[in-house]
Amino acid sequence: MSDYNPVLSAPQGANKKRKIVGRGSSSGSGTTAGRGNKGQQSRSGGKVYVGFEGGQMPLYRRIAQRGFSNHPFKKEYVCINVGQLEEKYADGETVDKETLVAKGLVSKREALFVKILANGELTKKLAVNIGKISESAKAKIEKAGGTVTVAEKAEETK
C-alpha cells in the first residue's frame with residue numbers, strides 16, 4: 001500500500017529543490033557561484049559584523065554615550081497575588097521564599113525578589129514572611145486572620 005495521500009501533500013512550490021552552486025558554467029550558477037566577482041563578500045570567510053561600515057567608524061561608536069543606565073543594577077520583582085496563595089497553601093501554613101519555590105510559584109532563581117499583590121480573595125489564615133508586600137495585600141491577609149512580617153532588606157541586596 002502506498003504512503004501517498006493527496007489530502008496531506010504540500011502545496012505547489014512549498015518544497016523547492018536545493019540550489020547547488022559552483023558546478024560549472026552550464027549549471028547556471030557556476031564560476032563565481034552567485035557571489036559576484038571580487039570583494040570581501042566573494043571570499044570564503046568574508047563576513048562583516050552588524051553595523052560594519054566598510055572600515056568607517058560605525059554610527060553606534062560615532063555617537064557619544066550620554067547619561068547613565070540603571071539596567072545592570074535593576075531588580076525585577078516576581079509578583080504573586082493573594083489568589084494564588086489561596087489556591088496553593090493550606091490554612092495555617094507559612095509563606096516564604098522556600099515554600100514559594102517548593103510549591104512551584106517561583107523558580108529558585110526568581111525567589112530573591114518576590115512581591116505579594118492583592119489580586120484575588122483570601123480566606124485562609126497564613127503567616128507571610130516575604131521581602132515586599134502591597135498595603136492592600138497586607139490588609140487582606142490580616143483580615144483573613146494571618147500575620148505579615150517583611151523580611152530584612154539585607155537578604156535582597158546582591
Side-chain angles (χ1 to χ4, degrees), residues 7-89 94-122 126-142 148-158:
V7 178
L8 297 177
S9 60
Q12 188 68 34
N15 300 324
K16 290 184 178 178
K17 191 176 178 189
R18 190 168 68 94
K19 186 176 186 178
I20 301 174
V21 296
R23 295 296 183 274
S25 57
S26 64
S27 69
S29 57
T31 60
T32 57
R35 288 173 170 257
N37 286 329
K38 296 178 185 175
Q40 186 172 12
Q41 299 290 63
S42 71
R43 317 277 190 225
S44 66
K47 297 181 185 76
V48 293
Y49 54 84
V50 176
F52 183 70
E53 296 184 17
Q56 174 176 302
M57 187 62 70
L59 182 69
Y60 73 90
R61 289 190 59 197
R62 288 198 304 265
I63 296 173
Q65 182 182 346
R66 294 181 59 109
F68 170 75
S69 173
N70 197 47
H71 183 74
F73 311 105
K74 74 176 180 179
K75 296 176 186 175
E76 280 195 28
Y77 282 84
V78 178
C79 297
I80 305 291
N81 288 306
V82 291
Q84 292 172 284
L85 300 179
E86 174 74 26
E87 292 172 13
K88 295 277 186 175
Y89 285 87
T94 303
V95 179
D96 57 10
K97 292 174 187 177
E98 290 77 28
T99 59
L100 286 169
V101 172
K103 299 214 181 254
L105 287 170
V106 293
S107 70
K108 200 169 195 172
R109 189 176 56 84
E110 296 171 332
L112 194 60
F113 303 113
V114 176
K115 183 171 182 174
I116 298 193
L117 302 179
N119 194 8
E121 293 303 317
L122 185 68
L126 298 174
V128 179
N129 181 17
I130 209 77
K132 278 195 170 219
I133 187 164
S134 71
E135 287 297 318
S136 49
K138 186 175 181 181
K140 280 188 179 183
I141 292 166
E142 289 171 347
V148 176
T149 53
V150 179
E152 293 91 38
K153 299 288 180 192
E155 289 180 10
E156 293 188 10
T157 57
K158 284 186 179 178

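Small disclaimer: the values here were computed from a predicted structure and weren't measured.
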As a quick check of understanding, evaluate side chain to side chain contact (heavy atoms under 4.5 Å, CB included) for Asn129 and Val95, giving each step before the final call. CA-CA 6 Å; Asn129 181 17; Val95 179; over 6 Å; no
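- Within the 4.5 Å cutoff, side-chain heavy atoms of Lys138 are placed close to those of Glu142.
- Tested against Ile130, the residues Ile80, Leu100, Val148, Val150 include a single side chain to side chain contact (heavy atoms under 4.5 Å, CB included) partner, Leu100.
- The pair Glu86-Lys140 does not meet the salt-bridge criterion, since no charged nitrogen lies less than 4.0 angstrom from a carboxylate oxygen.
- Within the model, atoms NZ of Lys75 and CG of Leu112 stand 8.0 Å from one another, a figure rounded to the nearest 0.5 Å.
- Taking all atoms of both residues into account, the shortest heavy-atom contact from Ala118 to Ser136 is CB-OG, 3.2 Å.
- Note on ring orientation: taking the six-membered ring where Trp is involved, the planes of Phe68 and Phe73 are parallel (angle under 30°, cut-offs 30° and 60°).
- The environment of CG in Asp96 is crowded: more than 12 heavy-atom neighbours from other residues, nucleotides or ligands sit within 6.0 Å.
- Listed here is the closest heavy atom pair of Leu126 and Leu122: CD1-CD1, 3.9 Å.
- Screening residues 15-38 for side chain to side chain donor-acceptor pair (under 3.5 Å) gives no qualifying pairs among residues at least two apart or on separate chains.
- Pairing each heavy atom of Gly120 with each of Val82, the nearest pair is O-CG2, 3.5 Å.
- Around CD of Gln65, the count of heavy atoms belonging to other residues, nucleotides or ligands within 6.0 Å does not exceed 12.
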Would you check, one step at a time, whether the test side chain to side chain contact (heavy atoms under 4.5 Å, CB included) holds for Tyr89 with Leu105? CA-CA 11 Å; Tyr89 285 87; Leu105 287 170; 4.0 Å; yes
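- Under the side chain to side chain donor-acceptor pair (under 3.5 Å) criterion, Glu87 pairs with no residue, sequence neighbours left out.
- Summarising the geometry of Phe113 relative to Glu76, their closest heavy-atom pair is CB-O, 3.6 Å, with the distance given to 0.1 Å.
- Glu98 CD to Lys108 NZ: the interatomic distance, rounded to the nearest 0.5 Å, is 9.5 Å.
- In this structure the side chain of Glu53 reaches within 4.5 angstrom of the side chain of Arg62, judged on heavy atoms.
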